[in-house]
Visitor: 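My questions all concern the structure below.
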Amino acid sequence: MTEPTIPVSAGMIALGVALFGTMAGPYAVLLLSALAGALWALSVANTAGPRAGALLVLRLVLTAVALTGGLAWWLESSYQWPAQHTVGPIAFAIALGKEGRRALLSEVRELRAWWRGEAGGS
Amino acid sequence: MSAAVFLAACAVLLYTGFCRLVHTSAATALCARLAIYLLTLSAAGCAAAVLVWAYQPGWPAALLAAAMSSVQLASAGLWRDGVPQAWRTSGE
C-alpha cells in the first residue's frame with residue numbers, strides 16, 4: 001500500500017478552507033471585528049481568571065453577532081450606508097461593551113491631551 | 001508544512017495573548033496593553049486568513065510567527081503573579 005502523498009496538516013487546512021471558506025468569508029469580518037472589540041474589553045476588565053475571561057469574550061462576541069446584522073440592515077435601509085462596509089465597525093462597537101467603550105474614549109482623550117501637551121511644550 | 005507551522009504559531013500567540021489580557025486591566029500601562037492586544041488580534045486574523053481566505057504563508061512568515069511564539073513562551077514566567085510590576089500604574 002502506498003503512503004499518502006498529501007501531508008495530514010495540508011489536508012486539514014484544505015478541509016478547513018473548503019468547509020469555512022465559502023460560507024464564512026462574509027461573516028469572518030463580522031467575527032474578527034467582534035473579537036477585536038471583545039479583546040479590548042477583556043484587556044480593561046478585572047477578570048477572575050481565564051474561564052471568566054473566556055466567558056466575557058464569548059458573551060460580547062455573541063451579542064455583537066446577534067445585533068450587528070439588524071443594525072447594519074437598518075442603516076442601509078434608512079441611510080443607504082452599504083452593510084458590507086458598516087458590519088465591521090458596528091460589530092466592533094457592540095463587542096466593546098460599556099466598560100470597553102468608556103476605557104477607549106478615556107484613552108483617546110488622554111492621548112489627545114498628551115499630544116497637545118507635547119506639541120505645545122516643544 | 002509552512003502553513004501548519006504558521007497556524008500552530010498563531011494558536012500559541014492567540015492563547016498566550018489571551019492569558020495575558022485576562023491579567024491586564026484599565027490600570028495596566030496603555031502601551032503594554034495595546035501591544036498585547038494587537039499581537040493577539042493579529043494572530044486571530046492571520047489564522048483566519050489561512051483558514052477562510054486560503055492565504056498560504058511561506059517559510060519566512062512561519063518562522064517569524066514561530067519566533068514570536070517562542071518569545072511569548074519564554075516570557076510567560078514573568079506573568080506568574082499577574083501583570084509585571086513595570087507595567088502596573090499606580091491604580092494596580
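Chain identifiers are assigned alphabetically (A, B, ...) following the order of the sequence lines, protein sequences preceding nucleic acid strands; residue numbering begins at 1 within each chain.
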Visitor: Side chain, backbone, both or neither: which part of Leu38(B) has an atom under 4.5 Å from a heavy atom of chain A?
Guide: neither
Visitor: Drop me the distance from Trp40(A)'s CH2 to Thr24(B)'s OG1, to the nearest 0.5 angstrom.
Guide: 8.5 Å
Visitor: Given a strict heavy-atom distance threshold of 4.5 Å, which part of Leu41(B) is in contact with chain A: side chain, backbone, both, or neither?
Guide: both
Visitor: Where is the tightest heavy-atom contact between Ser25(B) and Asn46(A), given as atom of each residue plus distance?
Guide: CB-OD1, 3.1 Å
Visitor: List the atom of Tyr37(B), the atom of Ala36(A), and the distance in Å for their closest heavy-atom pair.
Guide: OH-O, 2.8 Å
Visitor: If hydrophobic clusters are built from ILVMFWY residues whose side chains come within less than 4.5 Å, do Trp73(A) and Leu71(A) share one?
Guide: yes
Visitor: Supply the atom-to-atom distance Thr40(B) OG1 to Leu35(A) CG, rounded to the nearest 0.5 angstrom.
Guide: 9.0 Å
Visitor: What parts of residues 100-108 of chain A touch chain B if we use heavy atoms and a cut-off under 4.5 Å?
Guide: Glu107(A)
Visitor: Side chains of Phe18(B) and Leu42(A): does their closest heavy-atom pair fall under 4.5 Å?
Guide: yes
Visitor: Any link between Leu56(A) and Leu14(B) through a network of hydrophobic side chains (Ile, Leu, Val, Met, Phe, Trp, Tyr) touching at under 4.5 Å?
Guide: no
Visitor: With a 4.5 Å cut-off on side-chain heavy-atom distances among I, L, V, M, F, W and Y, is there a chain of contacts connecting Val83(B) to Val44(A)?
Guide: yes
Visitor: Checking Ala48(B) against chain A: side chain, backbone, both or neither under 4.5 Å from a heavy atom?
Guide: side chain
Visitor: Just wondering, are more than 12 heavy atoms of other shown residues or ligands nearer than 6.0 Å to CH2 in Trp81(A)?
Guide: no
Visitor: Assigning hydrophobic clusters by single linkage (Ile, Leu, Val, Met, Phe, Trp, Tyr; side-chain heavy-atom cutoff under 4.5 Å), is Leu21(B) placed with Leu13(B)?
Guide: no
Visitor: Report yes or no: do Phe92(A) and Leu34(B) belong to one cluster of Ile/Leu/Val/Met/Phe/Trp/Tyr joined by side chain heavy-atom distances under 4.5 Å?
Guide: yes
Visitor: Flag yes if more than 12 heavy atoms outside Tyr55(B) fall under 6.0 Å of its OH atom; otherwise flag no.
Guide: yes
Visitor: With chain B as the partner, which of Ala48(A), Ala52(A), Gly53(A), Ser43(A) has the greatest number of non-hydrogen pairs under 4.5 Å?
Guide: Ser43(A)
Visitor: With a 4.5 angstrom heavy-atom cut-off, could you sort out which part of Ala54(A) is near chain B: side chain, backbone, both or neither?
Guide: both
Visitor: Taking Val22(B)'s backbone N and O only, do any of them form a donor-acceptor pair with Thr47(A)'s side chain (distance below 3.5 Å, no angle check)?
Guide: yes
